[in-house]
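Worksheet: one structure, shown below.
Ligands are counted one by one from 1 in listed order, and the atoms in each one are counted from 1 as well. Positions are given from 1, in the same order as the sequence printed here. Only a predicted model underlies this, so the values are computations on that prediction, with no experimental measurement involved.
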Amino acid sequence: MGIHINPSILSADFAQLGAELQRISTADMAHVDVMDNSFVPNLTFGPPVVERIRAVSPVPLDAHLMIADPDRWAPQYADLGCASVTFHLEAAAAPVRLARELRALGARASVAVRPATPVEPLIDLLPEFDQVLIMTVEPGFGGQKFLDVCLPKITRMRQAISASGLDIALQVDGGVSESTVDRVVDAGANVLVAGSAVYGAESAEAAIASLRTRAEERAEERAGSR
Ligand code: DX5
Ligand code: ZN
């Protein structure tokens, strides 16, 4: 799996979601941040809105659920057609059971960790997942500063994925931009979420293209240097 660029619609104009989704038609997926004012101190939207987003989006949906009790709420996002569903490890009571349920419903099963959560407990569970998401800001808001302290964790997870021999995506979310993309790809991430860097640009298409080109070049260098 090569580099994927998934813009986060958290930085889009929520009053024009249809048009805002058209702006990212050259992306791989639309990253949809669901927040419940409990797991994170912010509130966005839930299933009825995500269902409409799915209906009009030109690209598949990458749902990022920053919610309490994902065991109860996550499956319906798979049910309504999100291609990938990410829940937080810190919030899940039974992550393996939930991942299996998501896969059975036809979605990619993805698990996220906050900056202070270690990835080591996930290593033996990797066969259950299609993607691991490492947060590089505290979840809750767009436009925050990238946390460099998370880079070693990305490196360790990439090593674990390579050692597993499995085709698991490594997603990074938070503060990804022209100025941090090199570090993120060098550490081993291949799915890049960018909210403000894409929606804050005059041309979202140009921002996506330039992040993609830069990340692909860097990934090639990384492959060559090993
Ligand atoms: C933060 C969200 C992110 C956010 C990223 O809690 O999960 O997806 O939109 O925004 P930027 O790219 O601006 O950091
Ligand atoms: Zn997100």
**Prompt:** Considering only N, O or S atoms, which atom of His64 is nearest to the Zn ion (ligand 2)?
**Reply:** ND1

**Message:** Between Gln144 and Glu138 (side chain of the first, backbone of the second, donor and acceptor by atom type, cut-off under 3.5 Å), is there such a pair?
**Reply:** yes

**Prompt:** In terms of atom number and element, which parts of ligand 1 are under 4.0 angstrom from non-hydrogen atoms of Gly142?
**Reply:** 10 (O), 13 (O)

**Prompt:** With only distance considered, is His64 within less than 3.5 Å of ligand 1 through an N or O on each side?
**Reply:** yes

**Asked** Do any nitrogen or oxygen atoms of Met66 lie less than 3.5 angstrom from nitrogen or oxygen atoms of ligand 1?
**Response** no

**Request:** State, to 0.1 Å, how close Arg108 and Ala169 come at their nearest heavy-atom pair, and which atoms those are.
**Result:** NH2-CB, 3.8 Å

**Message:** If I apply the N/O under 3.5 Å rule, does Ser11 come out as touching ligand 1?
**Reply:** no

**Asked** Can you give me the OD2-the Zn ion (ligand 2)-NE2 angle for Asp173 and His31, to 10°?
**Response** 100°

**Request:** Provide, to 0.1 Å, the distance between atom 6 (O) of ligand 1 and the closest protein heavy atom, together with that atom's residue and name.
**Result:** Gly140 N, 2.7 Å

**Request:** Taking all non-hydrogen atoms of both residues into account, name the closest pair between Val193 and Val176 and its distance.
**Result:** O-CB, 3.2 Å

**Cluster check Leu80, Val56: I/L/V/M/F/W/Y, side chain < 4.5 angstrom** = yes

**Message:** With carbon and hydrogen excluded and only N/O/S kept, which atom of Asp33 is nearest the Zn ion (ligand 2)?
**Reply:** OD1

**Prompt:** Would you say Val193 has any N or O atom under 3.5 Å from an N or O of ligand 1, going by distance alone?
**Reply:** no

**Message:** Side chains of Asp62 and His64 only: does a donor on one sit below 3.5 Å from an acceptor on the other?
**Reply:** no

**Prompt:** When Val85 is tested against each of Val32, Asp79, Leu65 for side chain to side chain contact (heavy atoms under 4.5 Å, CB included), which residue passes?
**Reply:** Leu65

**Asked** Where on Ala194 is there a heavy atom closer than 4.0 Å to ligand 1, on the side chain, on the backbone, on both, or on neither?
**Response** backbone

**Request:** Would you please say whether a donor-acceptor pair under 3.5 Å links the side chains of Ser8 and Asp33?
**Result:** yes

**Prompt:** What atoms of ligand 1 come closer than 4.0 angstrom to any heavy atom of Gly174?
**Reply:** 14 (O)

**Closest approach of any protein heavy atom to atom 13 (O) of ligand 1, naming residue and atom** = Ser196 OG, 2.5 Å

**Shortest protein contact, atom 14 (O) of ligand 1 (heavy atom only)** = Gly175 N, 2.8 Å

**Message:** So, taking the atom named OG1 in Thr86 and the one named CD in Gln171, what distance separates them when rounded to the nearest 0.5 Å?
**Reply:** 5.5 Å

**Item:** Donor-acceptor contact present, side-chain Tyr77 to main-chain Ala107, <3.5 Å
**Value:** no

**Asked** Any idea which protein heavy atom is nearest atom 12 (O) of ligand 1, and the distance to it?
**Response** Gly195 N, 2.7 Å

**Request:** State plainly whether the residues Arg54 and Glu51 are in salt-bridge range, i.e. N to O under 4.0 Å.
**Result:** no

**Item:** Atom indices of ligand 1 within 4.0 angstrom of His31 heavy atoms, with elements
**Value:** 8 (O)

**Prompt:** Considering only heavy atoms, which of Thr86, Ile9, Asp173, Val176 lies nearest to atom 4 (C) of ligand 1?
**Reply:** Asp173

**Prompt:** Has Glu205 got more than 12 heavy atoms of other residues, nucleotides or ligands less than 6.0 Å from its CD?
**Reply:** no

**Item:** Nearest-neighbour protein heavy atom for atom 1 (C) of ligand 1, which is reported as residue plus atom name and distance
**Value:** Phe141 O, 3.5 Å

**Prompt:** Counting heavy atoms only, which of Pro139, Ser8, Pro7 is nearest atom 9 (O) of ligand 1?
**Reply:** Ser8

